[in-house]
2 protein chains.
Amino acid sequence: MTSGRVTIADVARRAGVSTAAVSKVLRGAYGVSAEMQAKVTQAIDELGYRPHAAARALRGRTYTLGVMLSDTRNPFFPDIIEGVTGRLGDTEYQVLLGPGGIEPKTQARMTDAMIDRSMDGLILIAPVLTDAELAVIATATPVVVVGRHGGAVAYDAVVDDDVMGAGLVVDHLVGLGHTRIAHITHLERARAQGLPHMVRAEGYRQAMRAHGLADDVLATSFTEEGGFEGARELLARADRPTAIFAGADIAALGVLRAADEAGLSVPEDLSVAGYDNIGIASLKRVSLTSVDQDGQVIGATAASLLVERIEGRSRSVTSSVSPTLIVRGTTGPPRL
Amino acid sequence: MTSGRVTIADVARRAGVSTAAVSKVLRGAYGVSAEMQAKVTQAIDELGYRPHAAARALRGRTYTLGVMLSDTRNPFFPDIIEGVTGRLGDTEYQVLLGPGGIEPKTQARMTDAMIDRSMDGLILIAPVLTDAELAVIATATPVVVVGRHGGAVAYDAVVDDDVMGAGLVVDHLVGLGHTRIAHITHLERARAQGLPHMVRAEGYRQAMRAHGLADDVLATSFTEEGGFEGARELLARADRPTAIFAGADIAALGVLRAADEAGLSVPEDLSVAGYDNIGIASLKRVSLTSVDQDGQVIGATAASLLVERIEGRSRSVTSSVSPTLIVRGTTGPPRL
DNA sequence: TTGAAAGCGCTAACAA
DNA sequence: TTGTTAGCGCTTTCAA
């Protein structure tokens with residue numbers, strides 16, 4: 001299979017030059033005449049030559065960037081990936097995605113695998129690794145972490161401003177007249193710090209406090225079932241909330257189901273808001289008020305930072321992307 | 001960064017043996033004494049040695065399998081990927097995903113990139129490349145194509161039995177008493193043949209014919225909007241269908257919205273069925289009757305076939321996975 | 001400006 | 001059973 005492969009030597013022979021010359025043209029290195037450039041380029045085209053990445057890796061770069069996905073099911077991954085590939089579209093870099101799973105162990109295995117494959121840099125999306133583990137990875141290769149707040153010293157970071165996002169929701173609900181606003185968050189025995197759901201819960205608390213309201217946080221899980229169970233518990237209370245802010249849209253869908261079953265109409269009896277603005281939130285039948293993270297911008301930013309890192313920047317950068325509130329049909333004034 | 005890397009030479013020195021010996025232990029090659037095995041293994045552990053994939057690639061395998069994704073947004077990719085990684089879990093192979101985009105050109109670029117990176121084999125999910133292009137790729141590396149019907153000669157294939165799936169839906173609807181059953185399919189100016197939606201439409205036609213019913217196919221697109229537009233057109237007819245079978249769940253969601261807007265209740269006035277059994281289909285609020293493909297099995301099967309190929313099988317295999325009908329709340333007997 | 005040649009870390013004959 | 005050695009295809013000094 002590799003037998004028939006066109007190598008740099010074939011190109012050199014065809015162009016009547018040395019392999020070193022071809023290599024220089026390939027990398028746009030300094031010190032090549034226009035004539036040489038033309039000869040080599042022509043030979044490359046004629047032969048349909050493509051550099052062998054592994055061979056390059058042994059000396060230089062692989063022009064491969066790895067994106068570790070923590071949970072393939074996460075609905076805004078496609079946006080982030082689109083942002084990354086979009087930004088890298090006209091560069092030489094190729095993007096390869098590594099399904100890291102949701103366990104620290106499998107994620108560590110994946111990052112190791114990516115490093116072993118000499119990737120030029122890594123984008124880690126919402127990794128559950130500890131700051132210490134991340135630091136180790138960052139010493140091996142340039143790293144940009146997406147979706148982890150705080151602790152970026154050896155690597156760059158791109159985060160959604162989750163505090164702001166939670167604040168947008170609370171402000172919106174308070175503006176509508178709500179005072180009993182509950183929040184459903186995700187319960188995790190994670191060793192990792194600064195995970196988005198933690199920051200969203202904190203942002204919710206801060207915003208409630210700013211409005212002089214008592215907070216009410218219930219931790220279940222970011223699943224449809226988790227939202228359902230959480231809402232059922234909240235709605236069974238004597239002084240039930242008039243609005244529920246779920247930390248993730250998928251949980252908000254469960255809240256909607258619980259409202260259905262409790263015979264409460266949305267938004268008249270209960271306002272519901274989510275976070276992430278996943279695709280179905282915009283479906284007319286769902287019409288869920290949600291916070292949009294603009295995954296495309298996040299992905300593009302991460303890609304830019306990574307390339308800068310690879311090309312030499314050593315100072316750490318943390319970029320915060322502002323979310324937007326998308327008001328739809330599930331939120332409205334409380335019934336008086 | 002690579003400077004500090006532990007190499008096979010370090011291991012050999014530590015264990016007091018040759019690099020060749022280490023290599024043999026690594027690959028479990030024939031002719032290694034237990035003592036040698038132990039010494040080397042210990043040295044590897046002590047040093048935390050991990051083989052450098054690029055260096056291996058130059059001579060042998062990379063232990064990397066590539067999965068080309070044609071559309072990251074496709075909701076059953078996670079299942080397929082889970083199936084693939086699950087099956088490969090205890091092997092040495094690592095899975096890397098390549099976002100190929102929906103254009104033939106970008107997909108070709110991605111497959112080239114994967115070949116250039118010496119991947120040991122490729123799984124292509126619903127590629128829009130022509131049979132000829134696929135054949136070329138298959139000469140370069142072992143290939144398993146998922147979701148393309150027909151034309152597998154140089155490579156293996158795993159397909160959902162879309163004819164059967166469409167038949168299940170039609171049989172179900174006919175069994176409920178429907179006779180005017182329309183089908184919404186995807187319109188594509190694709191060069192590629194045997195795409196799932198084409199086969200589903202054909203399966204629908206066959207099944208209708210088998211029941212002695214007239215078929216009624218409308219081509220819009222597999223989007224929420226496409227389903228909506230299609231349904232609106234179908235429902236505006238004098239002799240409107242009593243059931244609509246959308247070739248994809250996402251389109252079925254649009255059909256549901258159109259029914260809402262037309263003031264038709266589901267399933268009393270209109271039965272709706274989809275295909276793919278995406279996550280939201282099972283949400284209680286949606287409860288969409290759909291055909292389930294078991295992406296996990298598809299992915300696991302593809303992984304098995306690929307490994308077999310890599311390890312020497314040359315005869316082509318096509319594996320057909322039977323879908324199941326998941327009956328939920330959107331289908332019922334027609335109003336008399 | 002160009003080319004010769006020495007590796008990068010590993011595998012696979014082949015020899016011992 | 002173990003070790004020696006010649007590359008794999010490329011990049012990168014260093015000379016010419």
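Reminder, nothing fancy here: chain letters follow the sequence lines and each chain counts from 1.
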Closest approach to the side chain of [X], judged atom by atom: which nucleotide of [options] is it?
X	options	answer
A:M36	C:dG3, D:dG9, C:dT11	C:dG3
A:A20	C:dT11, C:dG3, D:dG3	C:dG3
B:P51	D:dT11, C:dC10, D:dG3	C:dC10
B:Y49	D:dT4, C:dC10, D:dT2	C:dC10
B:S23	D:dG9, C:dT11, C:dG3	C:dT11
B:I8	C:dA6, C:dG9, C:dC10	C:dC10
B:L58	D:dC8, C:dT11, D:dG3	D:dC8

Between B:M68 and B:I123, is there a side-chain heavy-atom distance shorter than 4.5 Å?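 Answer no - side chains too far apart.
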Identify the heavy atoms of A:Y63 and A:E92 that sit nearest to each other, and give their distance.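 Minimum heavy-atom separation between A:Y63 and A:E92: CE2-OE1, 3.7 Å.
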DNA chain D: B:R59 or B:Q37, which has the more 5' nearest nucleotide?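 Final value for this comparison: B:Q37.
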Gap between atoms [atom1] and [atom2], on [X] and [N] respectively (whole Å):
X	N	atom1	atom2	value
A:R50	D:dC10	CZ	C1'	16 Å
A:Y63	D:dC10	OH	P	13 Å
B:L26	C:dG9	CG	C1'	11 Å
A:K24	D:dG9	NZ	P	21 Å
A:R27	D:dG9	CZ	C1'	13 Å
A:H52	D:dC8	NE2	C1'	8 Å
A:R117	C:dC10	CZ	C1'	14 Å
A:R61	D:dT12	CZ	P	9 Å

When you compare the side chains of B:E103 and B:T106, does any donor N or O come within less than 3.5 Å of an acceptor on the partner?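 There is no such pair (donor and acceptor under 3.5 Å, judged by atom type) between the side chains of B:E103 and B:T106.
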Less than 3.5 Å apart, any donor N or O on the side chain of B:R117 or B:T64 sitting next to an acceptor on the other?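 There is no such pair (donor and acceptor under 3.5 Å, judged by atom type) between the side chains of B:R117 and B:T64.
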Could you go step by step and tell me if B:D10 and B:R5 meet the salt bridge (charged side-chain N to carboxylate O under 4.0 Å, His left out) rule? CA-CA 9 Å; B:D10 298 322; B:R5 209 180 163 96; over 6 Å; no
OP1, OP2 of C:dG3 versus side-chain N and O of A:S18: anything below 4.0 Å?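 So the side chain of A:S18 is within the cut-off, an N or O lying under 4.0 Å from OP1 or OP2 of C:dG3.
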Please determine whether a side-chain nitrogen or oxygen atom of A:S33 lies at a distance below 4.0 Å from atom OP1 or OP2 of C:dT2.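 Checking C:dT2 against A:S33, a side-chain N or O does come within under 4.0 Å of OP1 or OP2.
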Would you mind classifying the nucleic acid contact of A:V32 as base, sugar-phosphate or nothing, using non-hydrogen atoms under 4.0 angstrom?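 Here A:V32 touches the backbone only, sparing every base.
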